[in-house]
Novice: 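Take a look at this one; I'll ask things after.
Below, read A as the first sequence line, B as the second, and so on, with proteins coming before strands; counting in each chain starts at 1. In this text the structure is predicted, and so the values were computed from the model without any measurement.
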There are 2 protein chains.
Amino acid sequence: MAEEHATKQFIRNAARRLFAERGYNAVSMRDIAGAIGKQPGGIYNHFPSKQTILVDLMEENLTRAHAAAIAPLPDTDPVARLEAFVRGHVKHNIENPDDIFIAYMELRSLEAEGAAQIMSKRNAYEAALRAILRDGQKSGAFTFADPAIHARAILSMLGGVTVWYRDTGAQSPAVVAENYVQAVLQSVGVPYSAPTKGQ
Amino acid sequence: MAEEHATKQFIRNAARRLFAERGYNAVSMRDIAGAIGKQPGGIYNHFPSKQTILVDLMEENLTRAHAAAIAPLPDTDPVARLEAFVRGHVKHNIENPDDIFIAYMELRSLEAEGAAQIMSKRNAYEAALRAILRDGQKSGAFTFADPAIHARAILSMLGGVTVWYRDTGAQSPAVVAENYVQAVLQSVGVPYSAPTKGQ
DNA sequence: GTCTATACCCTGATAGAC
DNA sequence: GTCTATCAGGGTATAGAC
């Protein structure tokens, strides 16, 4: 991971943008090569297959998602932890729209080996949120029926950010994050007053 | 729409299942024909192109979604309307997982004409939810900052049901709907006590 | 309406010169 | 590491017999 040919990163960047725009199956190796001004055959000097590029992108995204939303969580009460999680998660989503889009649109484009690898990391991420919800439920801070269902409901809600955010340049990331913090906290029964309003 | 060849419906059913399973671009006309025990060329007696099959499926789904979640809304207060919307929406999602999956995974597989047609119907659906939220906000029943953001947050959350529901045979549709009613109502600041717990 | 046969193009991947 | 050239297979769609 020390020194890497610049072309390899160009391939990653082009593939990320194209996969997000058109979908994995609608993008050809010729498309990727054309986007970086190279010939199709040359890509195989850096990745052994098209599938490998997809797995590489998803893997890297999950690593950075963990670093943004899970790793820096404070070791305090569930409310503060959930709020910090939402902020980190939304920030990562807004800053990496293509990766997020690929992450949950192209899961079924993964073949057996890659799928196992990616799902394992995904499950760890979801488990971290579930743990926060369970802690809050146990302490009486949160109100909901089923932690597993609620964790998925929250992740689905937050995942939707990137589906529409790129079309809506109107709101600033901070405002969007604020809205989601309120929506999530209220969804677990915690009252929350947004510092700013509307805008 | 009166009398239609049975094969046309077989094609629809096979395409729906295959598109949902593998994605539009990963499914070939040969696959669809094979699934109904016919020859690829014969499909063109019923649909002029593969793209037409996709538009047909999405169009029909939106019509039924409207009938399930929007049309039967009571003309009462926003809280009751929102609750009824969530129940109708979740019921439709759970009963039509393949259609829902296609509806939001294959938007980008639509070509220009079909895209305009489908987006128009989609926007009308989203606008109906937005109207409920605005009414509730105006009357003081709901608490959130931005109706447009919150409408999308709710639809994203509800849309997530089908992403995982098929893997989780554990909970009954009624229980799942109950969880989502609570999550949505609480997300707009309305307290809600679920009739049943956990399970 | 369904079949067989096929046109024509694009796909992922490889071989080998430079 | 990049290029040119190419392979084998599969893609959508069409033509024409029955």
Novice: Rounding to an integer number of Å, can you tell me how far A/Phe10 CZ sits from D/dG1 P?
Specialist: 14 Å
Novice: Looking at B/Phe10, I'd like to know if its CZ atom is crowded, meaning that more than 12 non-hydrogen atoms belonging to other residues, nucleotides or ligands lie closer than 6.0 Å.
Specialist: no
Novice: One pair to check against salt bridge (Lys or Arg N to Asp or Glu O under 4.0 Å): A/Arg122 and A/Glu126. What are the steps and the verdict?
Specialist: CA-CA 6 Å; A/Arg122 259 181 87 96; A/Glu126 189 176 321; 5.8 Å; no
Novice: Is it true that the NZ or CZ of B/Lys50 lies under 6.0 Å from the centre of B/Tyr24's six-membered ring and within 45 degrees of the ring axis?
Specialist: yes
Novice: When the distance from CD1 of B/Ile11 to C1' of C/dG1 is rounded to whole Å, what number comes out?
Specialist: 11 Å
Novice: Could you state the atom-to-atom distance from CG of B/Asn25 to P of C/dG12 in whole Å?
Specialist: 11 Å
Novice: Please report, rounded to the nearest Å, how far the P atom of D/dG1 is from the CZ atom of A/Phe47.
Specialist: 12 Å
Novice: To the nearest Å, give me how far apart OH (A/Tyr44) and C1' (C/dA13) are.
Specialist: 5 Å
Novice: Please report, rounded to the nearest Å, how far the P atom of D/dA13 is from the CD1 atom of B/Ile53.
Specialist: 9 Å
Novice: Please give me every residue in residues 32-43 of chain A whose heavy atoms get under 4.0 Å of an atom in DNA chain D, ordered by residue number.
Specialist: A/Lys38, A/Gln39
Novice: Pick out the pairs of N or O atoms, protein on one side and nucleotides 6-11 of chain D on the other, that lie under 3.5 Å.
Specialist:
| unit_1 | atom_1 | unit_2 | atom_2 | d |
| --- | --- | --- | --- | --- |
| D/dG11 | N7 | B/Arg30 | NH2 | 2.6 |

Novice: Tell me if the NZ atom of A/Lys121 is crowded by more than 12 foreign heavy atoms within 6.0 Å.
Specialist: yes
